Visitor: 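For reference, the structure I am asking about is given below.
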Amino acid sequence: MSLLNSINLGHLIDKKKIDPAKNPNFPLIQAGSREENMGKSEVQFIPIHHRPEPNSSMCHVQPATCKSSSLQQYLANGFPKNPAGPEEKNEEDNDEAEKPSEIPEGYEKFNHQMAGHLSGNNIGMLKRDGLVLKPIIKRECGDREINFYEQLGRTTDKTMTEMKNFVAKFYGTRRLSVEGETRDFIALEDLVEDFKEPCIMDIKIGRRTWDPDATLEKIRSEERKYQDCKRDLGFCIPGFQVYKLSNNQLVKQGKEFGKSLNKEGAEDAIKTFLNANECNDATAKPCRCLIVQFLAILWRILYWARNQRQYRFYSTSILLAYDARRLREKTKPTPSSSPSSTTSTPSPQSKSDYKFTRKGSLYRPMSLAVLNKNNEGNDRIPTGFSGQLTKEGPILNPQRSSTGAKQPIDVHPIVPSILSDNTWSKSMTSLKRTHSFQNNYDKDVQNRKQNYLHLLDELCDERKSSHWAVVKMIDFAHVFPAENSDVDENYLAGIESLVRVFEELLMESD
Ligand SMILES: Nc1ncnc2c1ncn2[C@@H]1O[C@H](COP(=O)(O)OP(=O)(O)OP(=O)(O)O)[C@@H](O)[C@H]1O
Ligand SMILES: O=P(O)(O)O[C@@H]1[C@H](O)[C@H](O)[C@@H](OP(=O)(O)O)[C@H](OP(=O)(O)O)[C@H]1O
């Protein structure tokens, strides 16, 4: 589909109604299968029409380190059967792997489930009309959760009324027939429905994740899980996904990854989730605007938890979510500092890219020095090219104004628009493509796609909310009435710790 066609289409469509499955040409993100979402770690590309170009790097994010491997490596060594890493089971190798059931008509698979149960039919959460349907697997857990939502709906208590702000809206239950069997679901507001590139993290709060009815066996099994993280932070991370701004990949990490994290690993995972832990930039900083949106709600939840004495919130989670599309806009260079749109030069995507452009080490390949001379090899063609290159491209000479005064160098436009039509510029462009300084071609294509997506957003006439981050309390399957009128220390300690992590990130933020 050409850019033009896509833009024309943009006038006509209500994107909320677009089903990527039914519109394979529409460049929306294809999320992983339900099995991939559950407890598995994998990297997915944001597929916009095509498979990854050669040279585009794949990057599995690990707690403290980040390794990248190029497609060429895979070409040399063969593609791994399962690129998700050693913790994954390959379905082919697993005789007991259940096949996903048929989705009831009118419903869709909910692709953004970071943790939690599948039903007996291997059905996870479903979605329809702005709601998510959570399957009820264990009757007593389901009843407890429904009961809690109903109590919350009826409450007149001030503290519990305040809590309604932190909880997804509850729309009762639904009974569906799945492959001939009746299944019950809890219907909730879909918290990520409006996000184009939803980054989501499930953070389970509390050192103690078992409720007063737990058997000894259940207590033991809960105590074995996420040990370091729960001990040191008072919370753990069963799963998350992030659309990486640096390379447009969707990275998902599941519970096995979460269980491997210690305090530092978990803090690192949160940075990764915030797009503040770039593979090739140790100085990447969290976006202040994003941290503030999260903290604004987390502080309110903290305040609420300091007052709340009626319930014990065992094994509930905080769901953090934001739209990477909006974060990308925040980190996008302003039009005045971007390269001319007529050039094919990639625009830097983040502040870290600018830093790299400014500070990147310089080198002078001989072939380019020759390019800077005319055919006789003597006089320089006034191209503006200084003869120096960074990994991002050539550095330009300061331009002279009509009065002869030096103009400041714009560090961003590698090839300025006034040069974009001349032969030198064209040869530079083709040289950049063939030599591919740091995969410029891939980046170029990706930037064009991003620009196109921004344009499409505008054309689709959606009024943008000033908030593009969500914090909600979820999963009330183990909420019990308090036996005394103390605060819920277990929950409070987890929230305090989470707030502390985000406050530290605020200090680091740009
Ligand atoms: N209202 C919602 N909107 C969007 N996503 C949601 C919503 N509620 C839950 N989710 C997603 O579904 C996942 C599982 O939800 P939840 O924790 O309620 O299920 P569960 O089966 O009780 O999980 P667990 O096994 O951890 O007890 C969450 O991690 C989150 O990604
Ligand atoms: O992070 P993991 O390893 O997925 O751990 C699961 C998680 O703690 C669930 O909340 C829990 O379900 P409940 O809420 O029903 O207790 C489930 O217990 P289960 O194994 O007893 O189902 C655990 O296995």
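Source: prediction; values computed, not measured. We use all heavy atoms of the structure for the numbers below, so side chains are in, but hydrogens, waters and symmetry mates are not. All residue numbers in this chain count up from 1 along the given sequence. Note that ligands are numbered from 1 as they come in the structure, with each ligand's atoms numbered from 1 the same way.
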Visitor: Using a strict 4.0 Å threshold on nitrogen-to-oxygen distance, state whether Glu223 and Lys230 make a salt bridge.
Guide: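 No, no charged N to carboxylate O under 4.0 Å.
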
Visitor: What is the closest protein heavy atom to atom 2 (P) of ligand 2, and at what distance does it sit?
Guide: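 Answer for atom 2 (P) of ligand 2: Lys255 CD, 3.7 Å.
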
Visitor: Give, for atom CG of Leu133 and atom CZ of Phe110, the distance between the pair rounded to the nearest 0.5 Å.
Guide: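 With rounding to 0.5 Å, CG (Leu133) is 10.5 Å from CZ (Phe110).
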
Visitor: Which atoms of ligand 2 are found less than 4.0 Å from any heavy atom of Glu222?
Guide: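 Those qualifying, in numeric order: 8 (O), 23 (C).
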
Visitor: How long is the gap from OH on Tyr171 to CG on Asp190, to the nearest 0.5 Å?
Guide: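 One finds 11.0 Å between OH of Tyr171 and CG of Asp190.
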
Visitor: Tyr226 heavy atoms, cut-off 4.0 Å: which ligand 2 atoms fall inside?
Guide: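 Those qualifying, in numeric order: 1 (O), 2 (P).
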
Visitor: Looking at atom 20 (O) of ligand 2, what's its closest protein heavy atom, distance included?
Guide: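 Checked against all protein heavy atoms, atom 20 (O) of ligand 2 sits closest to Lys218 NZ, 4.4 Å.
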
Visitor: Pull out every atom of ligand 2 sitting under 4.0 Å from any heavy atom of Lys204, numbered as shown with elements.
Guide: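 Result: 7 (C), 8 (O), 9 (C), 10 (O).
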
Visitor: If you measure from the Lys or Arg side-chain nitrogens to the Asp or Glu carboxylate oxygens, is any gap between Arg306 and Glu496 under 4.0 Å?
Guide: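 The answer is yes: the pair qualifies as a salt bridge.
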
Visitor: Do the rings of Phe148 and Phe476 sit parallel, tilted or perpendicular, given the 30° and 60° boundaries?
Guide: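 Phe148 and Phe476: tilted rings.
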
Visitor: Which residue holds the protein heavy atom closest to atom 24 (O) of ligand 2, what is that atom called, and what is the gap in Å?
Guide: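 Nearest protein contact, heavy atoms only, for atom 24 (O) of ligand 2 is Lys225 NZ, 3.0 Å.
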
Visitor: Are Thr316 and Lys204 close enough that a side-chain donor and a side-chain acceptor fall under 3.5 Å?
Guide: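 Lys204 and Thr316 do not have a side-chain donor-acceptor pair below 3.5 Å.
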
Visitor: Give the residue and atom name of whichever protein heavy atom lies nearest to atom 3 (O) of ligand 2, and the separation in Å to one decimal.
Guide: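 Answer, as residue, atom name and distance: Lys259 NZ, 2.7 Å.
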
Visitor: Examine distances only and state if a side-chain atom of Arg175 and a backbone atom of Asp184 form a donor-acceptor pair shorter than 3.5 Å.
Guide: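 The answer is no, because no donor-acceptor pair under 3.5 Å joins these two groups.
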
Visitor: Check ligand 2 against Lys138 and write out every atom of the ligand that is under 4.0 Å from a heavy-atom position of the residue.
Guide: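 So the answer, numbered in order with elements, is 12 (O), 13 (P), 15 (O), 16 (O), 18 (O), 19 (P), 21 (O), 22 (O).
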
Visitor: For His478, take its heavy atoms, then give the atoms of ligand 2 lying under 4.0 Å from any of them.
Guide: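 Under 4.0 Å from His478, ligand 2 has these atoms: 13 (P), 14 (O), 15 (O), 16 (O).
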
Visitor: Purely on distance, is any nitrogen or oxygen of Asp475 under 3.5 Å from one on ligand 2?
Guide: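 No, there is no polar N/O contact under 3.5 Å.
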
Visitor: Quick test: of every protein heavy atom, which one is nearest to atom 12 (O) of ligand 2, and how far off is it to 0.1 Å?
Guide: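 Its nearest protein heavy-atom neighbour is His117 CE1, 3.2 Å.
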
Visitor: Pairs of nitrogen or oxygen atoms, one from ligand 1 and one from the protein, closer than 3.5 Å: please tabulate them with distances.
Guide:
unit_1   : atom_1 : unit_2 : atom_2 : d
ligand 1 : 1 (N)  : Glu189 : O      : 2.8
ligand 1 : 3 (N)  : Leu191 : N      : 3.0
ligand 1 : 17 (O) : Asp475 : OD2    : 3.1
ligand 1 : 18 (O) : Lys134 : NZ     : 2.7
ligand 1 : 19 (O) : Lys134 : NZ     : 3.4
ligand 1 : 21 (O) : His117 : N      : 2.9
ligand 1 : 21 (O) : His117 : ND1    : 3.0
ligand 1 : 22 (O) : Lys134 : NZ     : 2.7
ligand 1 : 22 (O) : Asp475 : OD1    : 3.1
ligand 1 : 22 (O) : Asp475 : OD2    : 3.1
ligand 1 : 23 (O) : Asp475 : OD2    : 3.4
ligand 1 : 25 (O) : His117 : ND1    : 3.2
ligand 1 : 27 (O) : Asp475 : OD2    : 2.7
ligand 1 : 29 (O) : Ala115 : N      : 3.2
ligand 1 : 29 (O) : Asp202 : OD2    : 2.5
ligand 1 : 31 (O) : His112 : O      : 3.2
ligand 1 : 31 (O) : Met114 : N      : 2.8

Visitor: Any chance the rings of Phe273 and Tyr322 have centres within less than 6.0 Å?
Guide: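 They qualify: ring centres under 6.0 Å apart.
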
Visitor: Going by the angle between their ring planes, with limits at 30° and 60°, are Tyr491 and Phe313 parallel, tilted or perpendicular?
Guide: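 Rings of Tyr491 and Phe313: tilted, 30 to 60°.
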
Visitor: I need the Asn275 CG to Ser246 OG distance, nearest 0.5 Å.
Guide: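 The CG atom of Asn275 sits 6.5 Å away from the OG atom of Ser246.
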
Visitor: Under a plain distance cut-off of 3.5 Å, with no hydrogens placed, do Arg231 and Asn262 share a side-chain donor-acceptor pair?
Guide: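 Their side chains do not contain a donor-acceptor pair, so the 3.5 Å distance test is not met.
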
